[in-house]
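Each remark here refers to the structure printed beneath this line.
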Amino acid sequence: MLRTTGGGTRTMDTINIISYYFNIALTWLTYYVVYIYNEFRDLSIVVKIAAVSLIFYVLLIICSLCRLIYKSYRRRRTDKIYRRLEERYGAGVKYILSPEASATMTRKEVLDALELSESDAQSKHLLKDYEERLCMCRIIYRARISEEASLNRRKNLQILLRVFGTQEFLEYLINRGQMRLKTEALHMLRAFKLPINPWVINKLMNSKRNRVRRLAMYASIMSSSNMDMEYFESEFFDENYCTYDKIQLGYVLQRRKAARRKIPNLAMLAQKQKNASTQCVFVNMMRQFNQKENCSDLEELFQLNSDSDLIEEISRTWGYLGYTEGEEMMNEVLLTQSDATKIAIMHALARLGTGKSLNTFIDGYRNNGDPKVRYEAVRCMWNYGEAGREKVRELEREAVAADKPLFDFFHNEITREEIRLSKSDTYRQDYGENLYTVV
């Protein structure tokens, strides 16, 4: 068969090749069916059906083995290409993205690090085929992640990507690649902070695969200049929510903040969710983005919701953000909550430190049988100012022998310092500086 090389005829070539091999397979299959039928002409229909089925099973097994052999060959070939490119360019790529390199390398310096001349620095000369381009993208992506390339080396990364034609190839993968490669290409575009065409995103958002659709949604949120957050109000998000969404939500909002784009009202998004798990995610994010001005929007959720996890999350958020208007509501519901939620509420009240909740801590100590809850109540009292410490000493004098160990802990000055509930503790100190910096 004569195969054309023009770009406009490639699709027709593929169809012709598929038709050719399909006709061969159908011819052989028909031949075997007729042969079996003639050989077993005088036998019962059950024997004929069993014989034909056996041939089908044998053919399926042969096809499966051929596919496994082909995939193994492709995998070995891809690994060989990756190792060859890693040996050729890996060290240079890692150096360009590493802290040891200058943050403002010129194109010539980048080419020197890759041991390339200007005449060779064209992607069609450097990378000859589809698999070489894919392997090179993976090398740059993994180097970028491992070296944790900062914004200071953004220029170096851009030059490196232009040298190898990475952006054009990744957009090609998104448009024509398999679903697995579409997802991988979208991950790389985001990691490289490259712009993504809106029509490409819209195309992926209509995908039937949840993973591709979810990635496209988050890419759209991160890159859009407006406040289009309808994804979080959709049934798709509510029905398919998983831990991955929590990571992606923090990542895209952090990127919007870094780009000086407005962060949505997370409390309002929490109100629009149907289940408590997704509501907790948005309430938790309010702490990271310091949305104290939106704390009042959580009051209705706090009063009308019976889910203990959501009550606990709202309490922690109010305590961290210093929302004193919610103190009375937390005092009222303390004794009706689960043990974990009681502890969270008492910690929040201790962080507020208004001096109005001392009796709540006393109720938490006297009306609970769980030693852990009683201990946390005493700890909150101790960290609630001089009045709280005086109350701890009074309760210690009145305590029975079984309760004495709860108070012995507070006679060590070093231990007191370690358990201190400080309002100056920051979210980043608690959760890590690099929580959302790399994906």
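From a predicted model like this one, the values you see are computed outputs, not experimental measurements.
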- [ ] Check salt bridge (charged side-chain N to carboxylate O under 4.0 Å, His left out) between R77 and all other residues, then give those that pass, not counting sequence neighbours.
- [x] D129, E131
Open item on the list: Let me confirm one number: the OH-CG distance from Y384 to L352, rounded to the nearest 0.5 Å.
Closed with: 7.5 Å
Task: Separation between OG1 of T278 and NZ of K272, rounded to the nearest 0.5 Å - done: 13.5 Å
TODO: Verify, without hydrogens or angle tests, whether S72 (side chain) and L68 (backbone) share a donor-acceptor contact under 3.5 angstrom.
DONE: no
Open item on the list: Given 3.5 Å as the limit, does a donor-acceptor pair link the side chain of Y141 with the main chain of L189, or not?
Closed with: no
TODO: Compare every heavy atom of K246 with every heavy atom of M285, then report the nearest pair and how far apart it is.
DONE: CE-O, 3.5 Å
Task: Shortest non-hydrogen separation from M188 to C137 and the atoms involved - done: SD-CB, 3.7 Å
- [ ] Quick one: closest heavy-atom pair of I140 and L157, and the distance?
- [x] CG2-CD1, 4.2 Å
TODO: List the steps, then state whether side chain to side chain contact (heavy atoms under 4.5 Å, CB included) holds for L85 with L127.
DONE: CA-CA 9 Å; L85 292 175; L127 308 171; 4.3 Å; yes
Open item on the list: Measuring from atom CZ of F361 to atom CE of M346, what distance do you get when rounded to the nearest 0.5 angstrom?
Closed with: 7.5 Å
Task: Atom pair CG/CE of L334 and M329 - distance to nearest 0.5 Å - done: 14.5 Å
Task: Residue list, side chain to side chain contact (heavy atoms under 4.5 Å, CB included) with E328, at least two apart or on another chain - done: E332
Open item on the list: Under a 3.5 Å distance rule, please check whether S98 uses its side chain to pair with a backbone N or O of Y95 as donor and acceptor.
Closed with: yes
Task: Under 3.5 Å: donor-acceptor pair, side chain of Q291, backbone of L266 - done: yes
Task: Flag if over 12 foreign heavy atoms under 6.0 Å of NZ, K404 - done: yes
Task: Where Q273 and L269 come nearest, the two heavy atoms and their spacing - done: NE2-O, 3.1 Å
TODO: Answer yes or no: is there a side-chain heavy-atom contact under 4.5 Å between Q279 and E313?
DONE: no
Task: Salt-bridge criterion met for R316 and E312 (N-O under 4.0 Å) - done: yes
Open item on the list: Do the side chains of E396 and R393 get close enough for a salt bridge, i.e. N-O under 4.0 angstrom?
Closed with: no
Task: Test item: L249 and F282 side chains (from C-beta on) under 4.5 Å apart, heavy atoms - done: yes
Task: Spacing of R351 atom CZ and S315 atom OG [to the nearest 0.5 Å] - done: 12.5 Å
Task: Among K94, R142, R138, salt bridge (charged side-chain N to carboxylate O under 4.0 Å, His left out) partner for E86 - done: K94
Task: Any donor-acceptor N/O pair, E394 side chain to E390 backbone, under 3.5 Å - done: no
Open item on the list: Using every non-hydrogen atom in the two residues, find where Y365 and A399 come nearest and quote the distance to one decimal.
Closed with: OH-CB, 4.4 Å
Open item on the list: Between F164 and R133, is there a side-chain heavy-atom distance shorter than 4.5 Å?
Closed with: no
Open item on the list: If you define the side chain from C-beta out and look only at heavy atoms, does anything of M268 sit under 4.5 Å from N294?
Closed with: no
TODO: For residues W318 and E299, determine if any side-chain heavy atom of one lies less than 4.5 Å from a side-chain heavy atom of the other.
DONE: yes
Task: Main-chain N/O of L114 paired with R88 side-chain donor or acceptor, under 3.5 Å - done: yes
TODO: Apply the test side chain to side chain contact (heavy atoms under 4.5 Å, CB included) to residues D245 and V281: give CA-CA distance (whole Å), side-chain angles for both, the deciding distance (0.1 Å), then the verdict.
DONE: CA-CA 9 Å; D245 285 292; V281 171; over 6 Å; no
Task: A143 versus V93, closest heavy-atom pair with distance - done: CB-CG1, 3.7 Å
TODO: For residues S357 and E327, determine if any side-chain heavy atom of one lies less than 4.5 Å from a side-chain heavy atom of the other.
DONE: yes
Task: side chain to side chain donor-acceptor pair (under 3.5 Å) evaluation trace for Y375 with R379 - done: CA-CA 6 Å; Y375 164 74; R379 185 168 81 137; 4.8 Å; no
Open item on the list: Is there a side chain to side chain contact (heavy atoms under 4.5 Å, CB included) between D339 and K372? Walk through the geometry before answering.
Closed with: CA-CA 9 Å; D339 290 343; K372 183 176 181 180; over 6 Å; no
Task: Full working for side chain to side chain contact (heavy atoms under 4.5 Å, CB included) between V378 and R374 - done: CA-CA 6 Å; V378 175; R374 302 184 73 198; 5.7 Å; no
Open item on the list: Among residues at least two apart in sequence or on other chains, which ones pass side chain to side chain contact (heavy atoms under 4.5 Å, CB included) with E109?
Closed with: M105, T106
Task: E300 atom CD, neighbour heavy-atom count above 12 within 6.0 Å - done: no
Task: Short side-chain to backbone donor-acceptor contact, T317 and V283, under 3.5 Å - done: yes
Open item on the list: Is there a side-chain contact between L253 and P264 in this structure, where contact means two heavy atoms from C-beta onward sitting under 4.5 Å apart?
Closed with: yes
TODO: Supply the atom-to-atom distance L310 CG to F302 CZ, rounded to the nearest 0.5 angstrom.
DONE: 9.0 Å
- [ ] Check for a donor-acceptor pair, side chain of T341 on one end and backbone N or O of S308 on the other, with a separation under 3.5 Å.
- [x] yes
Task: Side-chain donor or acceptor of N284 paired with backbone N/O of C280 under 3.5 Å - done: no
Task: Contact check, side chains of L170 and F192, non-hydrogen atoms, under 4.5 Å - done: yes
Open item on the list: Main chain of D297, side chain of Q271: is a donor-acceptor contact present, judged purely on distance under 3.5 Å?
Closed with: yes
